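Shown next, in structure tokens, is the structure this report addresses.
Counting starts at 1 for both ligands and their atoms, following the listed order. It should be emphasised that the depicted structure is a prediction, and the values quoted were computed from it without experimental measurement.
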Amino acid sequence: MKDNKRPPLILSASKLGVSTKRINSKALIILNALHDADYEAYLVGGCVRDLLLNVEPKDFDIATNAHPEQIKAVLPSTRIIGRRFRLAHVHFGREYYEVATFRAPHDNSDRGQVGQDGRILHDNVYGTIEEDAVRRDFAINALFYNVHTDEILDFTGGMEDLEKRQLRMIGDPVARYREDPVRMLRAMRFSAKLGLNIETDSESPIRELAPLLENIAPARLFDEALKMFHSGQAGSVLELLREYRLFHSLFPATEEALQADESGHFLALINDALVNTDNRINDGMSVTPAFLFAVMLWLPMKQLEASYREQSFPDPQAMQHAANDVLSDQVRFTAVPRRFSNVTREIWLLQSRFNQKNCRRARLFVDNRRFRAAFDFLCLRSIAEEDVALQADAAWWEEFQKATEERQVDMCKAIPHVKKKRRRNKRRKNNGPAQ
Ligand code: ATP
Ligand code: MG
């Protein structure tokens, strides 16, 4: 690779507005300990990029020439993890920092291993700092910051890219996407989150290479999907993913339903939900993957529910079957863990409870631990589906939650009650589920 022969550009961090004051104190303890033991140690990757862009870094990753065992000798709270890459996690109680030994790029064919399709199979090979720089994904993610010398080392033109506000893959983009197709998703995330353009050569092969994502483990795609949709810029992420034909590999049922939905209600539901998620994240509030999946799979689930109904399955069962089918299909693409998909299912099944305005049941429902998520979902649906009856339901429940007990009783009395039980029993007798 030509990039690793270049001498680095060395810049003064403080002149670029980066000072150690903005660095987490525990990361500094690690850097100092390694430095005192005569090892090289740098902050690297996303944190250097973010410090230069004046964005709050998410985590502080460290790269060093010390091997994992040597790191452990200097910092005894280190745990060495990983089979594919041996990494040191330096613990401070439950919190830990990742300290990685400089690694050689995969294409050092006498050392690394690459599969037939170009994917990296094994790259736990130590290397020099230059080699470590060029095996990273984008040039802006390959900057090294030495806090002891106040220097930023740039082996790949990352500083120039930051000035141009562009995202450029190091080396040959096609080969690098083939090695690890997840880099295409990372391009979408960084472009959306940091407002960067993807440089032409890094951008142009993506649409064609998008199907390579099908070879990626669904567990990894789930993690990447969360990082993208919980980045605080989920609306832009969705637009980019669809524009570059990557969304289909993550949410195929959603993409198909979006394309078939002439009303535009489903896209409106997803967009409204993502605006909501972005606002929550940017306000430091919690979000759950269960909600994201409830939104993304709502129309596919409703379509399947309708077909179960056509086969004469009664109401709750039709939705239960549809929910199970849609969720078990989705895990083949993004492996959403059960603890989340169970909540997704609950959010869906609880939607019918908003019709039941009997006072005792309504109070029980408000106390249900999933009420809030189900209610938020109802509100989004009522607006996106432009459904006046749903909007009236949402307004009723909004008031009911806040009302005094007396007012709650009045609200329930004002609802004309239908004898639902008898009606349901009658329907069961007339047309039970097809066997
Ligand atoms: P953030 O933590 O803000 O999401 P980041 O760039 O730090 O962004 P991480 O996933 O924490 O992303 O990875 C740390 C660094 O490791 C990256 O900056 C990049 O240099 C390198 N890296 C991560 N994933 C890849 C990849 N798939 N291919 C090559 N290098 C990667
Ligand atoms: Mg990071």
Exercise: do Asn197 and Arg168 side chains pair donor with acceptor under 3.5 Å: no
Non-hydrogen atom of Asp61 closer than 4.0 Å to ligand 1: yes
Arg49 heavy atom under 4.0 Å from ligand 1: yes
Residue pair Gln351 / Trp298, side-chain donor-acceptor N/O under 3.5 Å: no
Reported CD1-to-NZ distance for the pair Ile140 and Lys164, which is rounded to 0.5 angstrom: 13.0 Å
Residue and atom name of the nearest protein heavy atom (relative to atom 15 (C) of ligand 1), distance in Å to one decimal: Arg136 NH1, 3.6 Å
Side chain to side chain contact (heavy atoms under 4.5 Å, CB included) against Glu203, all qualifying residues, sequence neighbours excluded: Ile198, Arg207, Tyr244
Proximity to ligand 1 by part of Asp59, non-hydrogen separation under 4.0 Å: side chain
For atom 4 (O) of ligand 1, the protein heavy atom that lies nearest, with its residue and separation: Arg189 NH1, 2.6 Å
Contacting atoms of ligand 1, where contact means under 4.0 angstrom from a heavy atom of Lys58: 1 (P), 2 (O), 4 (O)
Any donor-acceptor N or O pair under 3.5 Å, side chains Ser382, Asp387: no
Which of the ligand 1 atoms, numbered from 1, are nearer than 4.0 Å to a heavy atom of Gly46: 5 (P), 6 (O), 7 (O), 18 (O)
Protein heavy atom at shortest distance from atom 23 (C) of ligand 1: Arg186 NH2, 3.1 Å
Asp137, portion touching ligand 1 at heavy-atom distance under 4.0 Å: both
Sphere of radius 2.8 Å around the Mg ion (ligand 2) - protein N, O or S atoms inside: Asp59 OD1
Donor + acceptor pair across side chains of His148, Asn32 (<3.5 Å): yes
Polar proximity ligand 1 side, Arg183 side, N/O cut 3.5 Å exclusive: yes
Proximal atoms of ligand 1 relative to Gly45 (non-hydrogen, under 4.0 Å): 18 (O)
Per-residue contact class, Phe190 against ligand 1 - non-hydrogen pairs under 4.0 Å: side chain
Per-atom contacts, ligand 1 versus Asp180 - under 4.0 Å to a heavy atom: 26 (C), 27 (N)
Steps toward side-chain hydrogen bond (donor to acceptor under 3.5 Å, both in side chains) verdict (Ser202, Glu199): CA-CA 5 Å; Ser202 302; Glu199 178 258 349; 2.8 Å; yes
Atom CZ of Arg370: over 12 foreign heavy atoms under 6.0 Å: yes
Qualifying residues under side chain to side chain donor-acceptor pair (under 3.5 Å), relative to Glu255, sequence neighbours excluded: Arg242, Gln259
Under the side chain to side chain donor-acceptor pair (under 3.5 Å) test, residues paired with Arg332 that sit two or more places apart: Asp329
Arg345 side chain to Asn324 side chain, donor-acceptor N/O pair below 3.5 angstrom: yes
Backbone or side-chain N or O of Lys227 under 3.5 Å from ligand 1 N or O: no
Heavy atoms of other groups near Glu95 CD, more than 12 under 6.0 Å: yes
Under 3.5 Å side-chain donor-acceptor pair for Glu239 and Ser236: no
